[in-house]
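First the proteins, then the strands, lettered A, B, ... as listed; each starts at 1.
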There are 2 protein chains.
Amino acid sequence: MVKIVDKTKSTEENILVAAREVFMKKGFSAARMCDIAHEANINPALLHYYFRKKDKLFDIIFKQESNQFHANILSILKSDLPFFEKVRQVIDADIKKISVTPYIPMFILNEMHNNPSRNEQYAAAIPQQKEVFSVFIRLVEQEQKAGRIRQVCPKQFVISLFGMIMFPFLAQPMIQASLEVNQLQFNQIMEDRIQFIYDFFKKSLQIA
Amino acid sequence: MVKIVDKTKSTEENILVAAREVFMKKGFSAARMCDIAHEANINPALLHYYFRKKDKLFDIIFKQESNQFHANILSILKSDLPFFEKVRQVIDADIKKISVTPYIPMFILNEMHNNPSRNEQYAAAIPQQKEVFSVFIRLVEQEQKAGRIRQVCPKQFVISLFGMIMFPFLAQPMIQASLEVNQLQFNQIMEDRIQFIYDFFKKSLQIA
DNA sequence: GTCTATATATGGATAGAC
DNA sequence: GTCTATCCATATATAGAC
């Protein structure tokens with residue numbers, strides 16, 4: 001692991017950066033406080049001085065990540081762009097954003113799976129997700145009423161769009177192994193994928 | 001957790017069933033040997049009598065699951081059905097299979113992410129995956145040459161198909177929360193989804 | 001605020017009786 | 001093969017000096 005310590009920043013900030021790194025790569029259970037301390041280049045005891053427990057530190061990271069995960073999606077959806085332009089921008093923004101920190105989708109979904117006991121924290125992440133889904137579904141319904149796109153189940157549409165965007169990142173190790181592509185080639189695939197998804201949806205939704 | 005002990009079966013078999021359950025729900029690191037013992041309704045020490053270490057037990061489960069994960073996909077792809085009938089059957093078989101044990105996709109992908117150190121085990125799962133991908137890609141190319149489907153990147157096609165199938169299971173907790181649907185309704189969505197995905201691909205791939 | 005030393009808790013593994 | 005008791009390693013957490 002590459003140390004990403006910034007001497008100009010506070011210890012607290014360095015810890016948070018390191019914790020994000022370690023938690024995202026390993027998940028809560030496999031992440032070690034020592035790893036975080038090492039990554040942040042500080043004494044392990046300091047973790048407890050700044051953040052009382054591992055759980056507390058994790059909660060902060062999880063909340064941060066899940067909160068901003070679809071932050072700008074909503075602003076795109078609520079703009080007054082035409083429907084397919086919104087779709088295009090959502091695809092573009094999401095893929096470009098996740099490409100920078102490809103662990104986020106797996107991190108969030110995995111933790112939601114594995115630890116029902118920490119579900120209160122996850123609850124905080126839900127309202128935004130819920131809004132993204134409902135706004136998107138309403139948009140689809142509008143387009144269908146206006147006769148501009150084919151009649152498909154709006155729920156399936158939204159699930160599919162986010163699936164098309166997020167799945168490759170979730171399955172990245174398997175995809176790289178199966179297609180025998182390195183990191184660079186994978187990045188290229190994801191860049192190409194922006195256009196691919198857009199075309200795919202446009203073609204599939206057009207009126208017969 | 002519901003105990004799934006079968007008195008007629010051997011202790012060893014009961015352990016394997018319990019281990020599968022626990023590992024799939026929690027992943028390697030969060031899974032506890034005690035949980036497995038409890039689930040199998042046996043003494044924790046017996047786990048070590050039958051399987052020396054946690055790692056060994058995990059490897060067996062992982063291999064089993066990943067091996068049979070796409071077992072029948074290949075037989076469908078290699079049959080002499082028309083292309084879109086193959087696609088339909090793959091979607092149908094995959095979704096029905098995963099619905100029975102919805103944790104498998106997350107289990108496999110998550111472990112491939114989180115533990116590069118256990119990568120030798122994963123290597124065993126790759127050849128089949130690789131074959132599924134390459135066979136599928138070849139099929140797409142054939143169809144394109146024959147002018148029966150639109151020119152799209154075959155790699156993107158295969159990634160998309162498996163993404164459409166698997167993503168909902170990976171994101172199930174988030175989807176259920178966002179759409180406010182219970183387990184039953186989620187199952188219904190997945191059943192409807194078989195037809196949805198088929199239509200979606202057929203529509204999207206047809207020649208303009 | 002940061003360190004060393006150490007306590008405490010957890011969970012994986014073993015020894016040995018039955 | 002199965003149990004009880006226990007060991008040991010690991011990791012989190014705290015106490016207290018500086």
No-hydrogen, no-angle side-chain donor-acceptor test under 3.5 Å, A/Glu85 and A/Gln89: yes
Nearest-angstrom distance from the residue atom CG of A/Leu47 to P of C/dG1: 15 Å
Whole-Å gap separating P (C/dA15) and CG (B/Asn43): 16 Å
Any A/Thr11 side-chain nitrogen or oxygen under 4.0 Å from OP1 or OP2 of C/dG1: no
Between D/dT12 (C1') and A/Phe51 (CZ): distance, integer Å: 16 Å
Integer-rounded Å distance: C/dT14 C1' and B/Lys54 NZ: 18 Å
Ring centres under 6.0 angstrom apart (B/Phe58, B/Phe107): yes
Nearest-Å distance for atom pair CG/C1', residues A/Leu46 and C/dT2: 5 Å
Whole-Å distance separating the CG atom of A/Asp55 from the C1' atom of C/dA9: 13 Å
Output field: ring centroids A/Phe157/A/Phe201 closer than 6.0 Å: yes
Nearest-nucleotide 5' precedence on DNA chain D, A/Arg52 against A/Arg32: A/Arg32
Sugar-phosphate only, base, or nothing, as touched by B/Ala30 at under 4.0 Å among non-hydrogen atoms: nothing
Phosphate-side-chain proximity, A/Tyr50 and C/dT2, N/O vs OP1/OP2 below 4.0 Å: yes
Separation of atom NE2 in A/His48 from atom P in D/dT14, rounded to whole Å: 7 Å
Whole angstrom value for the distance that separates C1' of D/dG16 from OH of A/Tyr49: 14 Å
Closest listed nucleotide, where the reference is the side chain of B/Met33 and the choices are D/dT2, C/dG12, D/dT12: C/dG12
Non-hydrogen side-chain atoms of A/Lys63 and A/Asn67 separated by less than 4.5 Å: yes
Near-ring test A/Phe162/A/Phe167, centroid separation under 6.0 angstrom: no
Under-4.0 Å side-chain N/O to phosphate OP1/OP2 contact, B/Lys53 with C/dA13: yes
